[in-house]
Amino acid sequence: DILRSFGIPIYEKQGFEADDIIGTIARMVRKKHPDIEVVIATGDLDTLQLIDDHTKVYTMKKGVSDTALYNEAYVRERFGLAPKQMTDYKGLRGDPSDNIPGVRGIGEKTASELLQAYGSVEEMYRKLKKNELSAKPGVIAALKTYEADALFSKTLATIDSHVPVEFVLAQARMKKAASR
């Protein structure tokens with residue numbers, strides 16, 4: 001009701017999550033209006049994968065008064081990874097809040113280290129199968145045991161930016177609230 005009173009359009013599509021619609025709209029704006037900077041305001045860090053030269057994510061760090069504006073450099077500073085690697089990161093580390101299992105026994109630090117060394121989950125498993133992966137025996141055992149979970153988790157964490165939605169930038173401009 002608040003959004004409607006400000007004339008802010010609401011986008012929905014059966015079978016798609018809000019992240020997918022946000023990703024689709026961000027992609028559409030970048031393509032049709034490359035001079036516009038897209039800032040996604042959300043509490044969901046899954047959207048960090050959408051960051052590029054013209055897209056940033058504004059989110060809360062700790063509570064409402066402590067916020068952050070993520071760009072590519074800030075994602076690298078915080079996670080040691082490029083935004084496009086955030087799906088790989090979730091594939092390894094998982095995310096209980098999104099029911100993404102990841103690889104049991106792989107935490108934030110190990111996931112970041114593996115991805116810094118190998119780039120992606122797929123490349124990491126290619127190296128593992130050739131016995132060229134450098135990691136502790138427990139990590140290697142976990143990766144072997146939970147390979148299907150890692151690949152499935154990466155898929156779950158990947159935002160679909162091709163949702164069939166109509167978006168016209170001019171219609172998304174905020175209007176003055178309707179008086180009552």
Side-chain angles (χ1 to χ4, degrees), residues 13-28 30 38-62 68-165:
K13 192 68 171 180
Q14 186 73 27
F16 292 94
E17 293 186 16
D19 287 350
D20 298 328
I21 295 170
I22 291 167
T24 298
I25 291 172
R27 179 188 57 79
M28 294 167 96
R30 286 190 315 262
V38 175
V39 178
I40 299 167
T42 181
D44 190 345
L45 293 183
D46 288 349
T47 56
L48 296 180
Q49 67 190 268
L50 302 172
I51 293 173
D52 60 23
D53 290 341
H54 299 286
T55 306
K56 296 178 179 154
V57 172
Y58 181 76
T59 189
M60 293 174 279
K61 287 169 67 177
K62 293 178 187 171
L69 183 61
Y70 281 89
N71 59 15
E72 289 182 62
Y74 192 41
V75 171
R76 284 190 187 281
E77 179 185 319
R78 172 146 184 229
F79 297 97
L81 304 170
K84 68 180 181 172
Q85 291 177 293
M86 295 309 294
T87 55
D88 296 280
Y89 179 75
K90 286 240 180 155
L92 292 175
R93 171 176 106 47
D95 185 350
S97 70
D98 281 335
N99 293 317
I100 298 175
V103 175
R104 264 190 228 151
I106 303 288
E108 292 180 18
K109 183 179 177 193
T110 303
S112 289
E113 289 171 352
L114 288 167
L115 293 170
Q116 288 167 12
Y118 301 103
S120 69
V121 167
E122 293 82 4
E123 183 59 24
M124 187 192 62
Y125 276 105
R126 276 193 279 282
K127 295 290 187 182
L128 180 65
K129 289 174 182 168
K130 293 179 181 179
N131 292 319
E132 298 174 354
L133 189 97
S134 176
K136 294 177 185 174
V139 170
I140 289 176
L143 291 171
K144 286 180 179 177
T145 301
Y146 298 106
E147 178 179 3
D149 287 342
L151 296 169
F152 180 62
S153 294
K154 179 178 177 176
T155 300
L156 286 176
T158 301
I159 292 174
D160 178 358
S161 62
H162 292 86
V163 177
V165 294

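Heads up: numbering here begins at 1 and tracks the sequence.
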Between Asp95 and Ser97, which heavy-atom pair has the shortest distance, and what is it? OD1-OG, 2.6 Å
For Ser134 and Tyr118, which heavy atoms make the closest approach, and how far apart are they? N-OH, 2.7 Å
Evaluation steps, side chain to side chain contact (heavy atoms under 4.5 Å, CB included), between Ile22 and Asp44: CA-CA 11 Å; Ile22 291 167; Asp44 190 345; over 6 Å; no
I'd like to know if the side chain of Arg93 reaches the main chain of Ala111, judged simply by a donor and an acceptor atom lying under 3.5 Å from each other, with no hydrogens or angles considered. no
Closest approach of Ile140 and Ala135, non-hydrogen atoms and distance? CD1-O, 3.5 Å
Would you indicate whether the side-chain heavy atoms of Tyr70 and Leu45 approach each other to under 4.5 Å? yes
Over all heavy atoms of both residues, which pair between Leu133 and Met124 is shortest? Give the atoms and the distance, please. CD1-CG, 3.3 Å
Flag side-chain contact, heavy atom, 4.5 Å: Leu128 against Tyr125: yes
Quick check: does any side chain N or O of Thr24 sit under 3.5 Å from a backbone N or O of Val163, one acting as donor and the other as acceptor? yes
Check whether any side-chain heavy atom of Arg126 lies under 4.5 Å from a side-chain heavy atom of Glu122, and answer yes or no. yes
Separation of Thr87 OG1 from Ile159 CD1 (nearest 0.5 Å): 9.5 Å
Side-chain heavy atoms of Tyr74 within contact of Glu77, under 4.5 Å: yes
Is the side chain of Thr145 donor-acceptor paired with the backbone N or O of Ala141 at a distance under 3.5 Å, no angle test? yes
Please determine whether the number of non-hydrogen atoms from other residues, nucleotides or ligands lying under 6.0 Å from atom CD of Glu147 exceeds 12. yes
Scanning both residues in full, the closest heavy-atom pair of Leu92 with Ile106 reads O-CB, 3.7 Å
Answer yes or no: is there a donor N or O on one side and an acceptor on the other, between the side chain of Ser153 and the main chain of Gly102, under 3.5 Å? yes
Among pairs that include at least one residue of residues 98-108, which meet salt bridge (Lys or Arg N to Asp or Glu O under 4.0 Å), considering only residues two or more places apart or in two chains? Lys90-Asp98
In short, Thr59 meets Gly43 closest at the heavy-atom pair OG1-CA, 3.5 Å
Return the CE to CG distance between Met86 and Asp46, rounded to the nearest 0.5 Å. 8.5 Å
Take Val57 and Leu50, measure what side chain to side chain contact (heavy atoms under 4.5 Å, CB included) needs, and give me the verdict at the end. CA-CA 8 Å; Val57 172; Leu50 302 172; 5.6 Å; no
Going from CG on Asn71 to CG on Leu48, what distance comes out if it is rounded to the nearest 0.5 angstrom? 10.5 Å
Check whether any side-chain heavy atom of Asp52 lies under 4.5 Å from a side-chain heavy atom of Pro83, and answer yes or no. no
Going by heavy atoms in the side chains, are His162 and Arg27 under 4.5 Å from each other? yes
Report yes or no: does Asp160 contribute a side-chain atom to a donor-acceptor pair with the main-chain N or O of Asp20 at less than 3.5 Å? no
Note, Val139 side chain near Leu114 side chain (heavy atom, < 4.5 Å): yes
In sequence, state the C-alpha distance, the side-chain angles, and the governing distance for Glu113 and Lys136, and then conclude on salt bridge (Lys or Arg N to Asp or Glu O under 4.0 Å). CA-CA 12 Å; Glu113 289 171 352; Lys136 294 177 185 174; over 6 Å; no
Side chains of Val38 and His54 in contact at under 4.5 Å (non-hydrogen atoms): no
Quick check: does any side chain N or O of Gln85 sit under 3.5 Å from a backbone N or O of Leu115, one acting as donor and the other as acceptor? yes
CD1 on Ile40 to CD1 on Ile51, rounded to 0.5 Å: 7.5 Å
Are any side-chain N or O atoms of Gln49 and backbone N or O atoms of Thr158, one a donor and one an acceptor, separated by less than 3.5 Å? no
